[in-house]
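Since the structure is predicted, the reported quantities are computational estimates derived from the model, not experimental observations.
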Amino acid sequence: MFKKDDKIYYTWRDYEADISQVRNLEFDHVVGIYRGSLPMAVHISNVFDVPMSIVGFQTRDGKDDEPYMIKVGPHPEKMLIVDDIYDTGLTMKKVIRYLTHYSVDRIQGFCLFGKKNNFNVSYANEHDGSWIVFPWETLDESV
């Protein structure tokens, strides 16, 4: 990670180190929240050979009032919801509540950047509110 122009640039190397923490979690299904977490969800689905679903819900730059299912995979027992940033917790809380309708035995979340919470959401890095540029958001080869 490096700071430039008052932004944090999160590199592929950072991502590779942080995403390895997923190995310690138990899940048989991964859910990506449209749009920011889809690169993570696809990667995790491929590497861990688990089905993937997509939930649409944008609070920062979208106008979604409630989450909605874009794609649902086979019925999971242990679901992992991934997102790039857990800031206020609003997105993750609403998505977790929404997904409880699918009668999943266990739902947990994982974010690359987050804050302490009571929602069973772990994170790799403490989020201080800075704007973060992820490597899949730029063509800058230094990221």
Side-chain angles (χ1 to χ4, degrees), residues 1-62 64 67-143:
M1 268 180 280
F2 61 93
K3 215 164 192 176
K4 179 173 100 177
D5 304 325
D6 292 328
K7 296 177 184 176
I8 293 176
Y9 286 79
Y10 184 77
T11 68
W12 284 113
R13 180 170 279 151
D14 299 323
Y15 173 77
E16 289 170 9
D18 292 342
I19 205 69
S20 69
Q21 294 179 31
V22 171
R23 287 186 181 121
N24 301 325
L25 305 174
E26 291 184 42
F27 60 96
D28 61 4
H29 195 104
V30 63
V31 175
I33 302 171
Y34 176 80
R35 203 173 101 156
S37 67
L38 293 185
M40 291 171 53
V42 169
H43 181 226
I44 291 168
S45 174
N46 285 326
V47 169
F48 293 93
D49 194 27
V50 297
M52 178 187 134
S53 295
I54 301 169
V55 170
F57 188 54
Q58 292 188 40
T59 57
R60 180 176 294 254
D61 56 354
D64 298 330
Y68 55 95
M69 191 60 75
I70 295 174
K71 182 214 179 280
V72 93
H75 178 73
E77 292 181 17
K78 299 175 187 167
M79 188 178 281
L80 177 66
I81 305 166
V82 296
D83 204 1
D84 50 1
I85 301 171
Y86 182 106
D87 188 28
T88 65
L90 176 65
T91 300
M92 192 63 79
K93 287 176 196 173
K94 283 198 168 197
V95 169
I96 289 172
R97 285 189 185 123
Y98 172 75
L99 290 172
T100 58
H101 295 105
Y102 288 89
S103 302
V104 178
D105 295 334
R106 182 173 176 198
I107 298 175
Q108 62 187 326
F110 177 80
C111 297
L112 297 173
F113 289 83
K115 295 179 178 177
K116 291 182 183 176
N117 63 82
N118 295 324
F119 255 84
N120 198 25
V121 178
S122 58
Y123 54 90
N125 302 282
E126 189 78 26
H127 185 238
D128 66 2
S130 297
W131 188 265
I132 302 165
V133 178
F134 292 95
W136 48 84
E137 298 176 331
T138 181
L139 294 175
D140 183 347
E141 293 182 24
S142 66
V143 176

**OP:** Verify side chain to side chain contact (heavy atoms under 4.5 Å, CB included) between F110 and M92, making sure each step is shown before the conclusion.
**Re:** CA-CA 10 Å; F110 177 80; M92 192 63 79; over 6 Å; no
**OP:** With sequence neighbours left out, write down each residue that passes side chain to side chain contact (heavy atoms under 4.5 Å, CB included) with V42, or none if nothing qualifies.
**Re:** N46, M52
Subject >> Results of side chain to side chain contact (heavy atoms under 4.5 Å, CB included) for D14 - residues two or more places apart only >> reply: M1, Y10, T11
Original post:
What's the spacing between S37 OG and I85 CD1 if we round to 0.5 Å?
Top reply: 11.0 Å
Original post:
Between N120 (side chain) and I107 (backbone), is there a donor-acceptor pair under 3.5 Å?
Top reply: yes
Original post:
Looking at NE2 of H127 and CG of D87, how far apart are the two atoms once the value is rounded to the nearest 0.5 Å?
Top reply: 5.0 Å
**OP:** Measure from the side-chain N and O atoms of Q108 to the backbone N and O of K78, and report whether any donor-acceptor pair falls under 3.5 Å.
**Re:** no
**OP:** Quick one: list whatever passes side chain to side chain contact (heavy atoms under 4.5 Å, CB included) with V50, sequence neighbours left out.
**Re:** F27, V30, F48
Original post:
About how many Å separate CZ of F119 and CD1 of I81, when rounded to the nearest 0.5 Å?
Top reply: 10.0 Å
Subject >> H29 versus V31, closest heavy-atom pair with distance >> reply: CD2-CG2, 4.0 Å
**OP:** Could you label the plane-to-plane angle of the W136 and F134 rings as parallel, tilted or perpendicular, counting under 30° as parallel and over 60° as perpendicular?
**Re:** parallel
Original post:
Quick check: are there more than 12 heavy atoms from other residues, nucleotides or ligands sitting under 6.0 Å from CD of E26?
Top reply: no
**OP:** Going by the ring pair (Phe, Tyr, Trp, His ring centres under 6.0 Å) test, name the single residue among Y15, F2, W131 that passes it with Y9.
**Re:** F2
Original post:
Counting only N and O atoms by type, is there a donor-acceptor contact under 3.5 Å from the side chain of D5 to the main-chain atoms of K7?
Top reply: no
**OP:** Identify the two heavy atoms, one from S45 and one from P51, that lie closest to each other, and give their separation to 0.1 Å.
**Re:** OG-C, 4.1 Å
**OP:** Grab the two heavy atoms, one from Q21 and one from A124, that are nearest each other, plus how far apart they are.
**Re:** NE2-CB, 3.6 Å
Subject >> Reported CG-to-CG distance for the pair D83 and L38, which is rounded to 0.5 angstrom >> reply: 9.5 Å
Subject >> CG-CZ distance between D18 and R13, expressed to the nearest 0.5 angstrom >> reply: 13.0 Å
Subject >> Close side-chain approach of S53 and M79, heavy atoms under 4.5 Å >> reply: no
Subject >> Closest non-hydrogen atom pair, Y123 against K116 >> reply: OH-N, 3.4 Å
Subject >> Euclidean distance, T91 OG1 relative to I96 CD1, rounded to 0.5 Å >> reply: 11.0 Å
